[in-house]
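Reviewing the structure listed below.
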Amino acid sequence: MPGREHWGSRLGFIAAAIGSAVGLGNVWRFPYEAASHGGSAFLLADFVAVLLIGLPAMLAEFTMGRRTHRNVVDAFGAGGRAWKAAGALAAVTSFWVVAYYSVVGGWVMRYLFESPTGAYFARPAAHFEAAAAGADALFYGALFLLVTVGIVAFGIERGIELATKIMVPAIVLLMVALALYAGTLPGAAAGYRYFLEPDFQYLFSNLDTLIPAAVGEVLFTLSLGSGIMITYASYVEDSESLVTDGIAIVVVNTLVGYLAGLIVFPLLFAQGVRPGEAGAGAIFVSIANAFRTLPAGEALGVVFYLVVLIAAVSSSISLLEIPTAYFVDNYPVRRPVVAGVLGVAAFLLGVPTALNTATLELFDSVASEVLLPSGIFLVTVFVGWNYGREAMAELGEGLHERFLPRYWLWHVRIVVLLAVGMTLIISVSSFIDANVVQSLW
Ligand code: PHE
């Protein structure tokens, strides 16, 4: 593709991919999922799922992107016209997620602005309820989208790469500072124990719920199944080893998830909140409540919500980039215009989620239980059984090791396919159970 955009450097690609991976999934979803699945037992299952499923699946997306140098729709198109539908599904998924992700991003923005005065200190639960849905939620959601559109409009090298090269180190530094601070709290020891002490008893008696939860979390947090890693890899020009980049991204993302746990659990235990009870509103209610009781809680709130906000923005730009790349690749349209129009459309799609938290949860279930698992399942089938030779050759680029690509392909064909297929079946049936069967009653 003559004139197609590309990353300015290899580090730029890595920063952008880490920026996408590190997001609400790490700071909010990971500790929350860990809390509802036995803390440290989940940690262990997650670690295994990252190695066995996450990394190989990410490499599968990378090979598709870098081999074709195309957006997700046309990358799938390399396997024939019918496959384009799979790519279109991924592009729609990204668009769908950014519509409600930006509403949650808007909440974070609002909490950041309110932290200096401690506006949410008096009645954290009621405050969250009021902030979560309604005109305010719409307003802050729009503001969040505006920032997202602004960065995507500047393009790959001057927009996404530049932004994430600043954002990713900022996230890590601020989180290390927060974790060190959290370590001084009275609840720290209990929090660490809950998070880190392996509970093999729990692990082995709950494998049936633990495995799908861990695989689902890994796919979500690594931004897989929505075309992001395919599109980002399509802007990589050099032919150095994708394996090294993949390992770097996965390691940093996992460490950031653990760091979030080291922040969130001591904060919760310091207040005597049982992590499982905190629920989805944890970072806006229980944590917000912790800041109220702590010295310099206002400043803490600023730092905490700033980290969450940066993490959320660096993910939402990756979501908006996927449909943007499709239009920029295929039509004579200017990137800022495409990004702007898609931003407005995402805002409109997200309106119901900003007006009703239950709708937002429904959007999230559709994405995490149906769309994302379907997307990664299609990637696995495509790379494993259709694009296999090409993918294997691409993975071999810059690699001296001959055996690894062949092993990887068989691993994708069997292990990843089975794990992802099972996750898909379990999540879709739990989705139907919760949303269709319940509503029939
Ligand atoms: N990985 C991002 C996070 O952890 C979110 C995300 C999920 C982005 C799925 C794209 C697709 O928050």
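Whatever order the structure lists ligands and atoms in, that order sets their numbers, starting from 1.
Of the possible polar contacts, none joining the H37 side chain to the I211 backbone as a donor-acceptor pair under 3.5 Å is found.
Counting protein heavy atoms only, atom 7 (C) of ligand 1 is closest to F220 O, 3.3 Å. Looking only at heavy atoms of the protein, atom 8 (C) of ligand 1 is closest to S223 OG, 3.5 Å.
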Check residues 304-318 and write down every donor-acceptor pair under 3.5 Å in which the side-chain atom is one partner and the other belongs to a residue at least two apart or another chain.
unit_1: Y305; atom_1: OH; unit_2: I283; atom_2: O; d: 2.7
unit_1: S314; atom_1: OG; unit_2: G19; atom_2: O; d: 2.8
unit_1: S314; atom_1: OG; unit_2: I310; atom_2: O; d: 3.3
unit_1: S314; atom_1: OG; unit_2: A311; atom_2: O; d: 3.1
unit_1: S315; atom_1: OG; unit_2: G19; atom_2: O; d: 3.3
unit_1: S315; atom_1: OG; unit_2: S20; atom_2: O; d: 2.8
unit_1: S315; atom_1: OG; unit_2: V22; atom_2: O; d: 3.1
unit_1: S315; atom_1: OG; unit_2: A311; atom_2: O; d: 3.2
unit_1: S316; atom_1: OG; unit_2: T148; atom_2: OG1; d: 2.9
unit_1: S316; atom_1: OG; unit_2: V313; atom_2: O; d: 3.2
unit_1: S318; atom_1: OG; unit_2: S20; atom_2: OG; d: 2.8
unit_1: S318; atom_1: OG; unit_2: S315; atom_2: O; d: 2.6

Do any side-chain atoms of residues 166-175 form donor-acceptor pairs under 3.5 angstrom with protein atoms, and if so which ones, sequence neighbours left out?
none

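Listed by number with element, the atoms of ligand 1 under 4.0 Å from a non-hydrogen atom of G25 are 3 (C), 4 (O), 12 (O). When each atom of ligand 1 is checked for a heavy atom of N26 under 4.0 Å away, the hits are 4 (O). Proximity to S226 (heavy-atom distance under 4.0 Å) selects the following atoms of ligand 1: 11 (C). Proximity to T221 (heavy-atom distance under 4.0 Å) selects the following atoms of ligand 1: 1 (N), 4 (O).
In this structure, Y120 has its ring center under 6.0 Å from that of Y111. With ring centers used as reference points, Y387 lies 6.0 Å or more from W83. Taking the ring centroids of W107 and F284, they lie under the 6.0 Å cut-off. In summary, the aromatic rings of F382 and F76 are positioned with their centroids under 6.0 Å apart. A centroid separation of 6.0 Å or more is found between the aromatic rings of F363 and Y101.
Not a single heavy atom of F30 sits less than 4.0 Å from an atom of ligand 1. Close to ligand 1: L24, with a non-hydrogen atom less than 4.0 angstrom away.
Counting heavy atoms under 4.0 Å from ligand 1, residue S318 does not touch it at all. Within the 4.0 Å heavy-atom criterion, the part of L319 lying near ligand 1 is the side chain and not the backbone. Counting heavy atoms closer than 4.0 Å to ligand 1, residue A21 contributes backbone atoms (N, CA, C, O) but none from C-beta onward. At a heavy-atom distance under 4.0 Å, only side-chain atoms of I228, from C-beta outward, approach ligand 1.
A perpendicular orientation is assigned to the rings of W7 and Y235, their planes being inclined by more than 60° (bins at 30° and 60°).
Of the candidates G257, S20, G23, S20 brings a heavy atom nearest to atom 2 (C) of ligand 1.
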